[in-house]
Amino acid sequence: MINNFCCNKSRGSRKPDMRVGSNSNFYVMKNRFLIPVLAMFFAIGMSFATEKTESDPNTDYVKINGTFMSLNQEYDCGQDELPCQIRLRNGQVHDLYDAPSSGSQKEGDGIIIEQ
């Protein structure tokens, strides 16, 4: 079916050169609708992607069996970039962390601190 809408025929409020089936209105509507919806989805997704860590700056942590345990004390590991470790009273050696998250491992001189 061919529609001949051209040149100011009095058929409602259509623009002179707009033909039925033209995708130009669809693309404008899609962009005006889709961009804010995508921004909203990204914002919601990023809110779930951030990790909330509540840490005390005066406390170090160790990871034992996948769970972070507070040591209730801050330990000085030195100034280097080697992993800082601590030997607990039971003889086990564990890495020290500044916060209860895997990305906050303390760095220092590489010494093993005795508790």
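Predicted model only: the values in this text are computed from it and were never measured.
Rounded to the nearest 0.5 Å, atoms CD (Gln85) and NE2 (His94) are 10.0 Å apart. A distance of 10.0 Å separates CE in Met69 from CG in Leu88, rounded to the nearest 0.5 Å. In this structure, Ile112 CD1 and Asp95 CG are separated by 10.0 Å, a value rounded to the nearest 0.5 Å.
Smallest separation of non-hydrogen atoms from Thr59 and Asn72: CG2-N, 3.5 Å. Minimum interatomic distance between Gly108 and Asp80 (heavy atoms only, all atoms of both residues): O-CB, 2.9 Å. Nearest heavy atoms, Ser104 versus Ala99: OG-O, 2.8 Å. Lys106 and Glu74 make their closest contact through NZ-OE2, 3.0 Å (heavy atoms, listed as atom of the first residue, atom of the second, distance). Closest non-hydrogen pair, Ile113 versus Cys84, comes out as CD1-SG, 3.8 Å.
When only modelled atom types and interatomic distance are considered, Thr67 and Asn65 share no side-chain donor-acceptor pair under 3.5 Å.
Between the side chain of Asp98 and the backbone N or O of Asp60 there is no donor-acceptor pair closer than 3.5 Å. A donor-acceptor pair is defined here as one N or O able to donate and one able to accept, closer than 3.5 Å; no such pair exists between the side chain of Asp109 and the backbone of Ile111.
By the rule that hydrophobic residues join a cluster once side-chain heavy atoms approach within less than 4.5 Å of another member, Phe33 and Phe41 end up as members of one cluster.
For the pair Ser101 and Tyr61, the minimum side-chain heavy-atom distance is 4.5 Å or more. Put simply, the side chain of Leu96 reaches to within 4.5 Å of the side chain of Val62, judged on heavy atoms. Between Lys63 and Gln105 there is no side-chain heavy-atom pair separated by less than 4.5 Å.
Counting heavy-atom neighbours within 6.0 Å of Glu114 CD, excluding the residue itself, gives a total above 12.
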